[in-house]
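Below, read A as the first sequence line, B as the second, and so on, with proteins coming before strands; counting in each chain starts at 1. Given the structure is predicted, the values throughout are model-derived calculations rather than measurements.
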Number of protein chains: 2
Amino acid sequence: MRLSTKGRYGLKAMFELALHSGEGPIPLKDIAESQNISEHYLEQLVATLRRAGYVNSVRGAQGGYLLSKEPKNITVGDVIRCLEGQIAPAECVMKDAADCNRESYCVTQTVWRKIRDSVNEVIDNTTLQDMVDDHIKNH
Amino acid sequence: MRLSTKGRYGLKAMFELALHSGEGPIPLKDIAESQNISEHYLEQLVATLRRAGYVNSVRGAQGGYLLSKEPKNITVGDVIRCLEGQIAPAECVMKDAADCNRESYCVTQTVWRKIRDSVNEVIDNTTLQDMVDDHIKNH
DNA sequence: TTAAATCCCTACTGATTCACTTGGAATTAT
DNA sequence: ATAATTCCAAGTGAATCAGTAGGGATTTAA
């Protein structure tokens, strides 16, 4: 039940972008350094977020990345799901899942569904702006 | 964020034991067959649960496994944690975690903590008895 | 008393995923 | 022109997953 570094690093990076939202493009180098992450690895994660439309890029010197929307319109769920795929403890409670067994009703599925829903509730109701506010409040 | 087969199969097995609680030892063969799981693999999972004190075993012909406590006194959290280790989306919010970075406060940690707590709330408040009741209600 | 049914234990294994690294090409500000 | 950046594709060592293999020990039933 651990998140991989994709989701973890990705959210850190998105938080950094949100923190400097409106200040023009931020180069990955800065984020990688401040978060102590391999720049080349982070590049791959941000590429995924870019293709999904959450960040825009500016190439060339003085280029970098910026959020494509306001921080309040991007949720933690958007970011994590983009990088990690659907968040569900078992395949049988993922969207488009095939029926997991011949029986029409399975009790463990009920448990997995509850776990899935509780996690999704948290991540879909926290935006990057919430994280920024939280950060400011604590400094 | 997927659970491995350890936790998934393990919970299914414990549910079967709870369902037949009070009927004497149930052989693994029956559980493995009814849940369509490799018996030898399940054996390893149940061994872990036995060593942790959640099930007792009876050796020899007509032997098998039984819950060591009443179904209402074993939670889903007990079972999953026993087989999968601590449930937390990131190391920094696990018990005994070293400080994740030089800064005293980290925003992503707040998110991970919320996820961790919401999952634990679900699994610690669902017992095997709840699953049995749910099963009976739906048949 | 022997055979069958069961649990118990250790080790091995092929496939997949993780967390990167390598090595460049294309683009743009200075 | 040069340096700073993004963009792209492929390779890699280590770890984990989901078992399998091959036995040994214990108990019941015939």
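With rounding to whole Å, Leu3(A) atom CG is found 17 Å from dT17(C) atom P. Distance, Asn36(A) CG to dA19(C) C1': 14 Å, rounded to whole Å. As rounded to whole Å, 16 Å separates atom P of dT16(C) from atom CZ of Arg2(B). Taking atom CG of Leu49(A) as the reference point, atom C1' of dT6(D) lies 15 Å away to the nearest angstrom. The separation between Leu42(A) atom CG and dT21(C) atom C1' is 15 Å, rounded to whole Å. When rounded to the nearest whole Å, the span between CD of Glu39(A) and P of dT5(D) equals 9 Å. Rounded to an integer number of Å, the gap from CD1 of Ile26(B) to P of dA5(C) is 18 Å. When the P atom of dC7(C) is taken as reference, atom CG of Leu17(B) falls 10 Å away, rounded to whole Å.
Residue-level contact check: Arg51(B) touches the backbone only, with heavy atoms under 4.0 Å from sugar-phosphate atoms and none from bases.
The phosphate of dA19(C) has OP1 or OP2 within less than 4.0 Å of a side-chain N or O from Thr5(A). Applying the 4.0 Å criterion to OP1 and OP2 of dC7(D), one finds that Tyr65(A) has a side-chain N or O inside that range. Side-chain nitrogen and oxygen atoms of Ser57(B) include at least one within less than 4.0 Å of the OP1 or OP2 phosphate oxygen of dC8(C). Contact check, Ser38(A) against dT21(C): a side-chain N or O comes under 4.0 Å of OP1 or OP2. Between dC7(C) and Arg50(B), no contact under 4.0 Å exists linking OP1 or OP2 to a side-chain N or O.
Residues Glu16(A) and Gln35(A) form a side-chain contact, since some pair of their non-hydrogen atoms from C-beta on lies under 4.5 Å apart. In this structure the side chain of Ile26(B) reaches within 4.5 angstrom of the side chain of Leu17(B), judged on heavy atoms. Using a 4.5 Å heavy-atom cutoff, the side chains of Arg81(A) and Asp124(A) are in contact. The side-chain heavy atoms of Glu70(A) and Gln129(A), taken from C-beta on, include no pair separated by under 4.5 Å.
Residue Gln62(A) comes nearest to Pro25(A) through the heavy atom pair O-CG, 3.7 Å, listed as atom of the first residue, atom of the second, then distance. The shortest non-hydrogen separation linking Tyr65(B) to Arg50(B) is CE2-CD, 4.5 Å. Here the closest heavy-atom approach between residue Trp112(A) and residue Gly7(B) is recorded as CH2-O, 4.2 Å. Thr127(A) and Pro71(A) get closest at one heavy-atom pair: CB-O, 3.7 Å.
Residue Leu3(A) holds its CG atom at 9.0 Å from CG of Leu11(A), rounded to the nearest 0.5 Å. Residue Cys82(A) holds its SG atom at 8.0 Å from CE of Met14(A), rounded to the nearest 0.5 Å.
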Between the protein and nucleotides 25-30 of chain C, are there any N/O to N/O pairs under 3.5 Å, and if so, what are the atom names and distances?
{"unit_1": "dA26(C)", "atom_1": "N3", "unit_2": "Arg59(A)", "atom_2": "NH2", "d": "3.3"}
{"unit_1": "dT28(C)", "atom_1": "O2", "unit_2": "Ala61(A)", "atom_2": "N", "d": "3.3"}
{"unit_1": "dA29(C)", "atom_1": "O4'", "unit_2": "Ala61(A)", "atom_2": "O", "d": "3.4"}

Using a cutoff of under 3.5 Å, can you pull out all pairs of nitrogen or oxygen atoms linking the protein to nucleotides 21-23 of chain D, with atom names and distances?
{"unit_1": "dG22(D)", "atom_1": "O6", "unit_2": "His40(B)", "atom_2": "NE2", "d": "2.5"}

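Helix bend of the helix from dT1(C)-dA30(D) to dT30(C)-dA1(D): the angle between its two end axes, each built from five pairs, comes to 10° after rounding to 10°.
Around CD of Glu121(A), the count of heavy atoms belonging to other residues, nucleotides or ligands within 6.0 Å does not exceed 12.
Proximity note for Tyr41(A) (side chain, C-beta onward) versus dC7(D), dC18(C), dC20(C): the nearest is dC20(C).
Here the rule is side-chain contact (heavy atoms from CB on, under 4.5 Å) with Gln86(A), and of Lys95(A), Arg116(A), Glu91(A) only Lys95(A) fits it.
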